[in-house]
Asker: 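Here you go, one structure.
Side-chain atoms are counted along with the backbone in the values below, which use heavy atoms only and exclude waters and symmetry mates. A, B, ... follow the sequence lines: proteins, then strands. Residue 1 opens every chain.
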Amino acid sequence: MKLNHSFNVYLRPKAPYSFELTVRKPAGWPLFTPLEIFQKGTLWTALHLDNLLLGLRLSSGGTVSKPQIVLSVFSGESLSPAQKLEIQKILGAKLSVENDLTDFYRLAEKDPILKHSVQDLYGMNDTELSHLYAAVCLSILLQMAPLKRSQEMMECFIRSYGEVAEFEGKRIPVWPTPERVANLSTAELAQKCKLGYRAKYVFQCARFLEQSSLPAFSELKQLSFEEAKNRLLKLPGIGDYSADIISPHRGFPIDVWSADIFSQLFYGAKPGATRTAIEQVKAEGIRRWGKWSWMAFFYTVQDLENLSRKLERDLRLF
DNA sequence: GCGTCCAGGTCTACC
DNA sequence: GGTAGACCTGGACGC
């Protein structure tokens, strides 16, 4: 879809805010779609907001201590001032411009693991996924597969069934909407992108969301952590790990891979039976970091390369 | 080359 | 209520 209309917005996030680390996370997590383009400090990406396809160009107009995001929004139709204001508000929230890292950094300074990560990734903020169904599909396609295969499934799924935002000579495919996927068949999903048993869940979740059986992202945010998670657990194929990834409140999403990492960080050794270590590691992370456990998880995972080097050298775990 | 195992979980039948 | 086994696929590994 060609997006020929545009308007510009200047966002002023709370400092510290590293534009580059926030929109282009070190572990390779994309902002809104795995097929977005990042070149010389500028990100071209796209997403659906309430079924409206938008293209975005983002760059930094400031510094970590005096941040500014220069944002151009592209749409297929002319938008009213009220629509533009609403879009600016939603994108600001997704980019965490009101996020205050002060309390988390205060905790991190005294923590033998986190003190390294916040130093390495100073000003990195978490961001919100493009929409609820995108988050659901992401978590399902991460299940029970090596990362490479998950990435292949995601890319095929997005290229095959997502709309393409065309603007400024770029073509950015976005995550499919539940309305589109609900009209497909499980067999087609399984065969075309080799989703395996996950095809059933991707399809059933699309039907579930299309029938509005679940609140939108913004509404889930208004609920308590437990209530939001309980609502998400009603989705087919969504268990404890996936709900922790999807929830706007976030959780401490420990799977086999991260249980291995955090077990080494907490206890200095790999877990014996990895599956059974998940609960133990999760409980320990929440005990140590409480309401900041998601941010601790987020910073640790993004900083693994630096962290493993530093921990080998001088970390004394408590 | 071929067979087996298992991976960044979740569901369900069975006890 | 707790738990073993099944579920798609493909890469790694042993033979």
Asker: Starting at the 5' end of DNA chain B, which residue's closest nucleotide do you reach first, L147(A) or G237(A)?
Answerer: L147(A)
Asker: Let me know the distance between NZ of K200(A) and P of dA6(C), rounded to the nearest Å.
Answerer: 15 Å
Asker: Describe the nucleic acid contact of S139(A) in one word from base, sugar-phosphate, nothing, applying a heavy-atom distance below 4.0 Å.
Answerer: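 No contact.
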Asker: Would you mind reading off the distance between W257(A) atom CH2 and dG9(B) atom C1', rounded to a whole angstrom?
Answerer: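 After rounding, the reported distance stands at 16 Å.
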Asker: From the options I90(A), L58(A), N125(A), select the one residue that forms a side-chain contact (heavy atoms from CB on, under 4.5 Å) with L95(A).
Answerer: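 Going through the options one by one, the only one that passes is L58(A).
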Asker: At less than 4.0 Å, is any side-chain N or O atom of K194(A) found next to OP1 or OP2 of dG10(C)? Yes or no.
Answerer: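 Result: yes.
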Asker: Which whole-number value in Å describes the distance from L141(A) CG to dG9(B) C1'?
Answerer: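 Answer to the nearest Å: 13 Å.
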Asker: What does dC15(B) pair with, Watson-Crick or G-U, if both distances are under 3.5 Å?
Answerer: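 dC15(B) is paired with dG1(C).
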Asker: Take P236(A) and F297(A), find for each the nucleotide of DNA chain B with the closest heavy atom, and name the residue whose nucleotide sits nearer the 5' end.
Answerer: F297(A)
Asker: Could you tell me how far apart R198(A) (CZ) and dA6(C) (P) are, to the nearest whole angstrom?
Answerer: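 Taking CZ of R198(A) and P of dA6(C), I get 17 Å after rounding.
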Asker: When the distance from CZ of R149(A) to P of dT9(C) is rounded to whole Å, what number comes out?
Answerer: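 Atom-to-atom, R149(A) to dT9(C), this comes out as 7 Å.
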Asker: Using atom C1' in both nucleotides, what's the gap between dA6(C) and dC5(B) to the nearest angstrom?
Answerer: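 Going atom to atom, C1' in each nucleotide, I get 15 Å.
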Asker: Do Y201(A) and dG9(B) have a side chain to base donor-acceptor pair shorter than 3.5 Å?
Answerer: no
Asker: Determine the Euclidean distance between corresponding P atoms of dG5(C) and dC6(B); express it in Å to zero decimal places.
Answerer: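 About 13 Å, rounded to a whole number of Å.
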